[in-house]
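Please read the structure below before turning to the comments.
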Protein chains: 4
Amino acid sequence: MGEAIDTAAADRRRAILRAAVVVFAEKGYHGCRIADVAQEAGVAYGLVYHYFRNKEELLHSVFAEGWKRFSSRLAELTAAEVPLREKVGAIVDFAFEAYRHDPRSMRVLILEVARTPAFRDSAKRTAFEDAIGLTGDLIERARARGEVRAGIDSYLAACILFGAVEILLTAFVLGQLDPESDADVARARSTAVEIFVGGVGS
Amino acid sequence: MGEAIDTAAADRRRAILRAAVVVFAEKGYHGCRIADVAQEAGVAYGLVYHYFRNKEELLHSVFAEGWKRFSSRLAELTAAEVPLREKVGAIVDFAFEAYRHDPRSMRVLILEVARTPAFRDSAKRTAFEDAIGLTGDLIERARARGEVRAGIDSYLAACILFGAVEILLTAFVLGQLDPESDADVARARSTAVEIFVGGVGS
Amino acid sequence: MGEAIDTAAADRRRAILRAAVVVFAEKGYHGCRIADVAQEAGVAYGLVYHYFRNKEELLHSVFAEGWKRFSSRLAELTAAEVPLREKVGAIVDFAFEAYRHDPRSMRVLILEVARTPAFRDSAKRTAFEDAIGLTGDLIERARARGEVRAGIDSYLAACILFGAVEILLTAFVLGQLDPESDADVARARSTAVEIFVGGVGS
Amino acid sequence: MGEAIDTAAADRRRAILRAAVVVFAEKGYHGCRIADVAQEAGVAYGLVYHYFRNKEELLHSVFAEGWKRFSSRLAELTAAEVPLREKVGAIVDFAFEAYRHDPRSMRVLILEVARTPAFRDSAKRTAFEDAIGLTGDLIERARARGEVRAGIDSYLAACILFGAVEILLTAFVLGQLDPESDADVARARSTAVEIFVGGVGS
DNA sequence: AATGAATGAGCGTTCATTCAT
DNA sequence: CATGAATGAACGCTCATTCAT
């Protein structure tokens, strides 16, 4: 029974979190009120403060929740024994897939979390740095197998891969690319992988 | 004399704009008050409203000012008759140089303008799209000269180049790379160019 | 068994009341939350509402509890057949002793109850007035025995005695006098009694 | 002209302060909103924050304003060369007169300021202590002229005088005495002076 | 009886914006 | 042009109180 209650509480918490994703995605962090989140979640706004200390912590939690999935997937990929090109493809696929599956979450991750001043420090940066670290490791391993050419810094390369993925996601988010169009998605994916692995040059 | 006054007015306007750059860079668009900008500019806050309709227009103007230089440089590069690798290097150099020269402006461009909801539409996006269009044209021309391999979409490639540059600038802005270190700058530049043109693969 | 339960209930009630004294003394009536009182009492905050209608009634009850002892002692003193100087001394002693014994209760009585707007009417004032009435009676009796000089209004004198005691207690509460110092206590006591009975004049 | 503006600003500030006195007196510090003060002053509530940092500072200022008059009068009295009985009478008169002249200010001083937790420290206590110090000095001088009997501590005596005055004012404030009744006022005054100087004893 | 999730009135405070001087 | 007093919408947050369990 205690568990049932805990679960109910956890459900509520998750409901508010989901509502926050929706609302942040729609109006941005600064453009929405706690009351909007509460309304979207179908609860009184006071309740939000039972589950989250304040608005900022709500955003932090949205991030933490979303990031967890991404970084665990990344860790898997790093360990896998497949060619670099496939790994890079998998990272891009995963990001694109995540966006197709829950565009609003990605929207918040891409447009809000990463750019909120409060997030420019501590935990958040660490999370991004961890992801880059993992990806850098992944590239280092590929180098050990002779898959990476000389003169390429693995960690800067990881950065660049993320930059590429992020800007393509942004293009999807902002509507320059259509996530519903398989052609758009395939083209974006292959261009990202091809450039990252083989460059644009002939 | 009318001109003298106009010039004085223009100076004032520029002073406020400069102050806005400083303050936006320091505390972010949402984290600062018009009064902060005015104080930084050394004027009464009411005066800001003589030169700019409102806070948002101030941010728009900051962007427009900063972007002008960048896009005119881009247009030059597009027209120049040099190999693709050099053009890409020039774009990266220009971005990095701009950051070294006026890190606060870049900070605002990178961390504020691009991510403010209000900017996710209208003029701002057009500006970014123009830049990508120009860069895409540049790549198309290179393709015409046989410098670009098949299967690469020029405009997505332009996106990716911008994503790469942006994330490296972000690394500088957030302190993961040191803009004062020539080694860091050179490594970032060469990695960006090498990956973009030749990929990481061996 | 009904009694056992009643007793348990009464214990709970008393525990909450004691907790209220502690918390009110520490942070003031307006400066604390029901939740603070509950936590101090080691119960869930909802339970407070089983025993007290609301926060204000809690304060009323704290007062009533504390005042009961004081006024019954006062009634005893009134009846006793001892010289006025001794009676006054006993009142002062009693107040000081009460403070040494339970400074937090006195703190609440002195700093909170007497000054809460809600207490400026009804029951509370009556209680104070009763005390003053009793003390006035006490002085009247002394007058009947020739111990009070002409031109002194007994009830105003009672007021003044209370004012003197209260301000000395305040001095203890606020730390200007040290309740642990026997010298301070003795001096305060004798000064109060001497002035009240004999005045400062030579 | 600068002066005219300063004066206008000072007038506004004073108007808000006066309004605060009225409203605090009526509903208590905790029982009123900034908006009430503003309405009473006939200004927008935002304006209150131009002149006072926050609600607490407003109360502090109300106190400071009211106390200034009282303590300067006290300093005069201390210096005067009149018998102790007259000085004590003058202190009591001044306090009563102040109450008759501006009962709401006194109400705030007596019922709010002295009892607000935030005021139980720093500046406020110092002010009270200063007043007691001055009055203690006054009694010490009287002692030097042989007007005070042995065994009386001047500073405790000063405390007690203040306690007596305060409680009588409280009686006026709470309606147990009628400040409009000359008889009540005269009786209260003479009782206070007589007890303080000569005691109740015969 | 006991718990604490849920509610929502209420309020302090901020700050963009206006406008009289 | 320049100033900054004045306005008031807006919002985050608190916390007393209720009530289902």
Side-chain angles (χ1 to χ4, degrees), chain A residues 1-2 4-6 8-9 11-13 16 30-38 41-56 58, chain B residues 5-6 8-9 12-13 30-39 42-58, chain C residues 5-6 8-9 12-13 30-39 42-58, chain D residues 1-2 4-6 8-9 11-13 16 30-38 41-56 58:
Chain A
M1 208 174 93
I5 287 171
D6 285 0
D11 282 353
R12 267 287 207 252
R13 194 191 141 91
I16 292 172
H30 285 102
C32 75
R33 300 166 296 168
I34 286 289
D36 296 328
V37 174
V43 301
Y45 58 81
L47 195 60
V48 174
Y49 291 91
H50 269 276
Y51 293 100
F52 304 92
R53 202 196 318 282
N54 53 33
K55 197 182 177 185
E56 193 179 321
L58 190 53
Chain B
I5 286 172
D6 284 0
R12 268 282 210 260
R13 195 191 139 90
H30 289 286
C32 76
R33 300 166 298 174
I34 286 288
D36 296 328
V37 174
Q39 188 175 47
V43 301
Y45 57 82
L47 194 59
V48 174
Y49 289 88
H50 272 275
Y51 293 100
F52 303 92
R53 199 197 323 280
N54 53 32
K55 195 183 178 185
E56 194 179 320
E57 194 192 285
L58 190 53
Chain C
I5 287 172
D6 284 1
R12 268 284 209 259
R13 195 191 139 90
H30 284 101
C32 76
R33 299 166 299 171
I34 287 288
D36 295 329
V37 174
Q39 187 174 47
V43 301
Y45 57 82
L47 195 59
V48 174
Y49 289 88
H50 272 276
Y51 294 100
F52 304 91
R53 199 195 324 278
N54 52 34
K55 196 183 179 185
E56 193 179 319
E57 195 192 284
L58 190 53
Chain D
M1 207 174 95
I5 287 172
D6 285 0
D11 282 353
R12 267 286 208 252
R13 194 191 142 92
I16 293 171
H30 289 285
C32 75
R33 299 167 295 168
I34 287 288
D36 296 327
V37 174
V43 301
Y45 57 81
L47 195 60
V48 174
Y49 291 91
H50 269 277
Y51 292 100
F52 304 92
R53 201 195 319 281
N54 53 32
K55 197 182 178 185
E56 194 179 321
L58 190 53

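If you're wondering where the values come from, they're calculated on a predicted model, not measured in any experiment. Residue numbering restarts at 1 for every chain, and letters A, B, ... go by the order of the sequence lines. Both backbone and side-chain heavy atoms feed into the values below; hydrogens, waters and symmetry mates do not.
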Got more than 12 heavy atoms from elsewhere within 6.0 Å of CD, Q39(B)?
no

Going 5' to 3' through nucleotides 9-16 of chain F, assign each nucleotide B (protein heavy atom under 4.0 Å from a base atom), S (under 4.0 Å only from sugar-phosphate atoms) or - (no protein heavy atom that close).
BBSSBBSS

DNA chain E: 5'-proximal contact among Y51(A) and A44(C) (nearest heavy atom)
A44(C)

Do F52(D) and R13(D) have side-chain heavy atoms sitting under 4.5 Å apart?
yes

Do Y49(D) and I34(D) make a side-chain contact, defined as non-hydrogen atoms from C-beta onward lying under 4.5 Å apart?
yes

Side-chain N or O of R12(A) less than 4.0 angstrom from OP1 or OP2 on dA6(E)?
yes

Stepwise side chain to side chain contact (heavy atoms under 4.5 Å, CB included) test for L47(B) and R12(B):
CA-CA 10 Å; L47(B) 194 59; R12(B) 268 282 210 260; 3.6 Å; yes

Once you round it to whole Å, what is the distance between [atom2] of [N] and [atom1] of [X]?
X: E57(B); N: dT17(E); atom1: CD; atom2: C1'; result: 14 Å
X: L47(B); N: dA16(E); atom1: CG; atom2: P; result: 16 Å
X: R13(A); N: dG4(E); atom1: CZ; atom2: C1'; result: 17 Å
X: F52(D); N: dT13(E); atom1: CZ; atom2: P; result: 13 Å

Paired and unpaired positions of DNA chain E as dot-bracket, Watson-Crick or G-U wobble under 3.5 Å, | denoting a partner strand
.||||||||||||||||||||

Taking all atoms of both residues into account, what is the closest heavy-atom pair of [X] and [Y], and its distance?
X: H30(B); Y: H30(A); value: CD2-ND1, 3.1 Å
X: A38(B); Y: Y45(B); value: CB-CA, 3.4 Å
X: I16(D); Y: V37(D); value: O-CG1, 3.9 Å

Could you tell me whether a side-chain N or O of K55(B) sits under 3.5 Å from a main-chain N or O of R33(B), the two making a donor and an acceptor?
no

